[in-house]
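Below: the structure, in structure tokens.
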Protein chains: 2
Amino acid sequence: MCGHEPGRRRDNRCDCRGARMEGFLQPCLLLLLYEKSTHGYELMESMNRLGLWEGVPDAGAVYRNLRRLEEEGLVRSHWSTSGPGPARRRYEITPEGVDYLHDWAVTIRRNKAALETFLRRYEDIFGQDKEMEKGD
Amino acid sequence: MCGHEPGRRRDNRCDCRGARMEGFLQPCLLLLLYEKSTHGYELMESMNRLGLWEGVPDAGAVYRNLRRLEEEGLVRSHWSTSGPGPARRRYEITPEGVDYLHDWAVTIRRNKAALETFLRRYEDIFGQDKEMEKGD
DNA sequence: ACTCCCTATCTGCTATTTACATATGTGTGT
DNA sequence: ACACACATATGTAAATAGCAGATAGGGAGT
């Protein structure tokens with residue numbers, strides 16, 4: 001969850017450090033697959049287009065996560081040779097995957113609440129307009 | 001960012017997997033230090049009390065992050081022997097730390113937006129009340 | 001004195017994950 | 001033949017959280 005031109009900070013490390021919410025990829029994939037069974041490449045594009053991910057998510061991460069979801073029985077896949085272009089592995093969510101998605105929604109609500117708690121305190125001190133000043 | 005009784009899933013792994021927002025500890029520490037200079041132990045308690053963290057954050061992580069923030073010049077510290085109990089290392093935020101905090105606020109707003117995008121789509125499908133059904 | 005517990009800090013280790021780079025192969029247009 | 005977009009996969013490095021455990025001071029109770 002980065003989507004940067006590698007901006008560097010005082011310590012010469014990417015300032016996206018820490019911005020990543022580990023595992024958020026999985027519920028995103030499951031949600032999109034619930035809406036429409038499709039293959040990895042399109043899932044990547046959808047995530048970017050819909051604003052679920054800043055920039056295009058890492059292809060390696062997407063494919064690996066899909067494979068792992070399948071190992072755990074949360075999605076199923078089959079090769080689809082119909083249609084143009086190279087063969088695609090088409091994924092669909094399983095009932096177990098839907099359960100898992102619901103669990104994740106709870107977690108995500110909790111995480112959002114923590115971020116909101118942070119931002120509430122932050123804005124109490126600095127105001128909501130602080131980010132405007134930083135438009136460089 | 002866990003704070004569970006280790007609930008296990010189908011794959012025998014903690015279902016908090018992925019719930020952790022990497023690096024979120026740092027902006028939390030900086031924000032609290034902006035509000036009040038204090039020592040690691042109290043920061044841990046504050047994070048829990050204020051709902052910035054689910055449960056008490058890991059002590060090792062807190063102390064290590066404070067040390068790293070100091071290496072990077074974002075906080076300063078000195079030993080405080082006055083007061084009861086063992087010596088405490090009292091931290092205070094630096095001007096660079098405040099800058100860093102502002103950068104983080106931007107990142108956190110972006111992350112919150114991604115979570116909201118997810119939840120909006122999710123709730124469009126399942127409704128906001130889905131989590132109620134799961135009250136076990 | 002002695003033990004127990006709370007406060008307080010620090011370190012070692014491991015599992016997991018992301019981000020990046022790279023490899024492989026198909027089909028289409030020129 | 002060639003370039004290019006589509007599509008999937010793997011190797012590797014860096015970083016972090018979580019857990020366990022070590023070290024120590026100081027107060028309360030016996």
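Side-chain atoms are counted along with the backbone in the values below, which use heavy atoms only and exclude waters and symmetry mates. Every chain is numbered from 1 and lettered A, B, ... according to where its sequence line falls, protein lines coming before strand lines.
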Expressed as a whole number of angstroms, how long is the span from [X]:[atom1] to [N]:[atom2]?
{"X": "B:D58", "N": "D:dA15", "atom1": "CG", "atom2": "P", "result": "19 Å"}
{"X": "B:E45", "N": "C:dC6", "atom1": "CD", "atom2": "P", "result": "13 Å"}
{"X": "A:L66", "N": "C:dT18", "atom1": "CG", "atom2": "C1'", "result": "15 Å"}
{"X": "B:N65", "N": "D:dT16", "atom1": "CG", "atom2": "P", "result": "7 Å"}
{"X": "B:L43", "N": "C:dT9", "atom1": "CG", "atom2": "C1'", "result": "13 Å"}
{"X": "B:L69", "N": "D:dA15", "atom1": "CG", "atom2": "C1'", "result": "15 Å"}
{"X": "B:Y63", "N": "C:dG12", "atom1": "OH", "atom2": "P", "result": "17 Å"}
{"X": "B:Y41", "N": "D:dT23", "atom1": "OH", "atom2": "C1'", "result": "15 Å"}

Side chain of [X] - closest among [options]:
{"X": "B:E22", "options": "D:dA9, D:dA17, C:dT18", "result": "D:dA17"}
{"X": "B:R68", "options": "C:dA19, D:dT16, C:dT11", "result": "D:dT16"}
{"X": "A:H39", "options": "C:dT9, D:dA15, D:dA7", "result": "D:dA7"}
{"X": "B:A59", "options": "D:dA9, D:dG18, C:dT9", "result": "C:dT9"}
{"X": "B:W79", "options": "C:dT9, D:dT8, C:dA19", "result": "C:dT9"}

- Message: Looking at B:R89, I'd like to know whether one of its side-chain N or O atoms comes within less than 4.0 Å of OP1 or OP2 on C:dC10.
- Response: yes
- Please list all pairs passing the side chain to side chain donor-acceptor pair (under 3.5 Å) test where one or both residues lie in residues 80-93 of chain B, with sequence neighbours left out. B:S77-B:R89
- Within the structure shown, what part of the strands sits under 4.0 Å from B:R64 by heavy-atom distance: base, sugar-phosphate, or nothing?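 Base, at least one base heavy atom under 4.0 Å.
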- Does B:E54 pair with A:R110 as a salt bridge, N-O distance under 4.0 Å?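 Looking at A:R110 together with B:E54, the answer is yes, because their closest N to O distance falls below 4.0 Å.
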- Message: Between the side chains of B:E116 and B:K112, is the shortest nitrogen-to-carboxylate-oxygen separation below 4.0 Å, so that they form an ion pair?
- Response: yes
- Item | The single option from B:L25, B:L74, B:L33 passing side chain to side chain contact (heavy atoms under 4.5 Å, CB included) against B:L66 | B:L33
- Query: For B:R68, which of B:E70, B:E72, B:R64 qualifies under side chain to side chain contact (heavy atoms under 4.5 Å, CB included)?
  - Reply: B:E72
Show the atom names and distances, to 0.1 Å, of all donor-acceptor pairs under 3.5 Å that link a side chain in residues 44-51 of chain A to residues at least two apart or in another chain.
from  : atom 1 : to    : atom 2 : distance (Å)
A:S46 : OG     : A:E42 : O      : 3.0
A:S46 : OG     : A:R49 : NH2    : 3.2

Give me the distances for all protein-to-nucleotides 24-26 of chain D N/O pairs that come in under 3.5 Å?
none

- Given the side-chain rings of A:Y63 and A:Y41, with only the six-membered ring counted for Trp, is the space between their centroids under 6.0 Å? no
